[in-house]
Number of protein chains: 2
Amino acid sequence: MEVVYAVRMSAAMRRKGQAAHRGRLDKRQAILAAAFEVFARRGYAQAGVDEVAAEAGVAKATVYNHFGDKETLLREAIAASAEEATAKNLAAVERLVDTGGDPRELLEDVGFRLIQCYCDEQSWALRRLLYAELAHLPDLLEIVQVHASARVQQALADRLARLALAGRLRISDPDSAVEQLSALLTGPLEARAAWGTRRLSAAEMRQVATAAVGTFLHAFGSRA
Amino acid sequence: MEVVYAVRMSAAMRRKGQAAHRGRLDKRQAILAAAFEVFARRGYAQAGVDEVAAEAGVAKATVYNHFGDKETLLREAIAASAEEATAKNLAAVERLVDTGGDPRELLEDVGFRLIQCYCDEQSWALRRLLYAELAHLPDLLEIVQVHASARVQQALADRLARLALAGRLRISDPDSAVEQLSALLTGPLEARAAWGTRRLSAAEMRQVATAAVGTFLHAFGSRA
DNA sequence: AAAAAGTTAGACTCATCAGTCTGGTTTGAT
DNA sequence: ATCAAACCAGACTGATGAGTCTAACTTTTT
């Protein structure tokens, strides 16, 4: 069986600028996935490391070999999940390019996709975990904010700026416009999805997207 | 020392339609306040009942006499805090009356007050607690949503409807308008206040309020 | 083939903490 | 004045769970 070790490849990996880890990579990833799952389901304090190990199909000692302690495990699990979520968000934002069509349709499409990301089960779980342990581990916020949401906001602002430059929108401050747009997109979801405990239909997500874009275009549309 | 007992006044209180509780009311309230404080500071699982008792200046047995177990204590503490927060929010909404002046100024004033409520330390703590224990105790959400935020939204929708009827706003669906307005007011706060870990200046709150009302009036102002 | 690192199952330690109990004191009702 | 309920301090129980350890087994390196 072909197995990749991280530590033994550390020289090669460091050359690529990647961090070196202890243990086998496949185990590491299984543990991270299981940890996020269990922490999300039961909460950090209620979750047992034994439980995580069982769900990952791994011995408890292996978990400790990889991550040292429970808190580190939480951090890494959250960071990994945030990275995943960010990738999906960025993919949605990348569709925001001026193809000459109606900017309303374009924004509604991208808005809908962003809402889908936001309403992903894992995405809700991530925010819940983050919120829950914020008082406890304040540095978590910085990791996620700098490493995830700020990047998405930045990308979105860039795209809006280009649309504005092309005369499709009337925006003076792209950052402020993004702030308003994402508030309009995500704000209504909190209550409607009952903070992640209720599933939204695609129709309802579309409805939120069109309402958000409608209001946004009243304020920032070029024919406003 | 004059002390009010709930149980001994149960006949009188039932006549007034109020729930009867075990134990002395002053102790009960001290415990609730301390419990919220401690739960907010350390998280539900990390908080010890001994700690709550100490902070309330009360024996542990008294806590159990009043609330039976830790989970009930959390529920009641959250409910009490939500009730408090709701009262403040409703007071802000009540200022939304058409006095003949500029509706923009009016909305900005009320928006600013709502933002102040939202940014209150206790308010952030309440949302954190709620978010944290949501997976664990899903019924909490219903309590707070029905008993608190829905009431505020309802009141706000009523006021907006009156302004629309008076021709100061152009609103077809007040509920949808409230959804958008509160998204615009609160959405930007999450990131700016770093989910309650950073204090906002009054100036920054004002800025968010004017931006929100600006966008809102583009969409729903009578001269839009 | 031997060494080195990783993994495994499960036993084990040790601290923490919810909830109970006891025995005695304070407080308000009657 | 008397009684019952509420209170107190503090000891106690029992469960839970983080982190360690051992001894055998597997995989990769050399």
Side-chain angles (χ1 to χ4, degrees), chain A residues 1-13 20-32 34-35 38-39 41-77 133 136-137, chain B residues 1-13 20-32 34-35 38-39 41-77 133 136-137:
Chain A
M1 184 189 180
E2 180 68 18
V3 166
V4 180
Y5 279 81
V7 151
R8 293 180 179 160
M9 300 186 72
S10 62
M13 296 187 78
H21 300 298
R22 264 190 233 60
R24 272 163 48 173
L25 278 185
D26 57 338
K27 300 284 178 184
R28 181 186 166 85
Q29 278 163 344
I31 294 167
L32 281 176
V38 173
F39 286 150
R41 187 169 56 235
R42 316 235 324 187
Y44 174 66
Q46 279 71 32
V49 175
D50 304 80
E51 204 179 343
V52 172
E55 180 129 342
V58 140
K60 182 156 75 149
T62 303
V63 175
Y64 280 97
N65 177 41
H66 276 266
F67 297 101
D69 62 9
K70 194 186 176 188
E71 193 181 304
T72 306
L73 179 56
L74 175 70
R75 269 180 225 280
E76 302 257 16
E133 304 304 326
H136 197 225
L137 312 167
Chain B
M1 183 188 181
E2 180 69 17
V3 167
V4 180
Y5 278 82
V7 150
R8 292 181 180 159
M9 299 187 72
S10 61
M13 296 189 78
H21 300 298
R22 264 193 243 27
R24 272 165 48 173
L25 278 184
D26 57 339
K27 300 286 177 184
R28 182 185 166 86
Q29 280 163 344
I31 294 168
L32 282 176
V38 175
F39 286 149
R41 187 169 57 235
R42 316 237 324 192
Y44 174 66
Q46 278 72 32
V49 175
D50 304 79
E51 204 180 343
V52 172
E55 180 131 342
V58 140
K60 182 156 75 149
T62 304
V63 175
Y64 281 97
N65 177 41
H66 277 266
F67 298 100
D69 62 8
K70 195 186 175 187
E71 192 181 305
T72 306
L73 178 57
L74 175 69
R75 271 179 224 282
E76 304 258 15
E133 305 305 326
H136 197 226
L137 312 167

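Residue numbering restarts at 1 for every chain, and letters A, B, ... go by the order of the sequence lines.
For the salt bridge (charged side-chain N to carboxylate O under 4.0 Å, His left out) condition, the pairs that include at least one residue of residues 53-65 of chain A, sequence neighbours left out, are A/R41-A/E55, A/D50-A/K60.
Between the C1' atom of D/dA6 and the CG atom of B/D26 lies a distance of 11 Å, rounded to the nearest Å. Across the protein-nucleic acid pair, B/I31 atom CD1 and D/dA6 atom C1' stand 11 Å apart, rounded to whole Å. Note: NZ (B/K27) to P (C/dT27) measures 9 Å, nearest angstrom. Per the geometry, CZ belonging to A/R24 stands 12 Å off P belonging to D/dT29, to the nearest Å. Rounded to whole angstrom, the span from the CG atom of B/N65 across to the P atom of D/dC8 amounts to 10 Å. Atom CD of A/Q29 and atom P of C/dT7 are 13 Å apart (whole Å).
At least one side-chain nitrogen or oxygen of B/T62 sits closer than 4.0 Å to the OP1 or OP2 atom of D/dC8. The shortest distance between the side-chain N/O atoms of A/H66 and the OP1/OP2 oxygens of C/dG6 is not below 4.0 Å.
In this structure, the side chain to side chain contact (heavy atoms under 4.5 Å, CB included) partners of B/H66, at least two apart in sequence or on a different chain, are B/K27, B/R28, B/I31, B/T62.
A cation-pi arrangement, defined by a distance under 6.0 Å to the six-membered ring centre and an angle within 45 degrees of its axis, is absent between A/K70 and A/F39.
Of the candidate nucleotides D/dC21, D/dC8, D/dC7, D/dC8 has the atom lying nearest to any side-chain atom of B/A59.
The two residues B/A59 and B/A53 have their closest heavy-atom pair at C-CB, 4.0 Å.
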Within the sub-3.5 Å range, which N or O atoms of nucleotides 14-19 of chain C have a protein N or O partner, and how far apart are they?
{"unit_1": "C/dA18", "atom_1": "OP1", "unit_2": "B/A47", "atom_2": "O", "d": "3.0"}
{"unit_1": "C/dA18", "atom_1": "OP1", "unit_2": "B/K70", "atom_2": "NZ", "d": "2.8"}
{"unit_1": "C/dA18", "atom_1": "OP2", "unit_2": "B/V49", "atom_2": "N", "d": "2.9"}
{"unit_1": "C/dG19", "atom_1": "OP2", "unit_2": "B/Y64", "atom_2": "OH", "d": "3.3"}
{"unit_1": "C/dG19", "atom_1": "OP2", "unit_2": "B/K70", "atom_2": "N", "d": "2.9"}
{"unit_1": "C/dG19", "atom_1": "N7", "unit_2": "B/K60", "atom_2": "NZ", "d": "2.7"}
{"unit_1": "C/dG19", "atom_1": "O6", "unit_2": "B/K60", "atom_2": "NZ", "d": "2.8"}

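The CD atom of A/Q46 lies 10.5 Å from the CD atom of A/E51; values are rounded to the nearest 0.5 Å.
Contact of the A/F67 side chain with the A/R75 side chain is not registered, since no non-hydrogen atoms from C-beta on lie closer than 4.5 Å.
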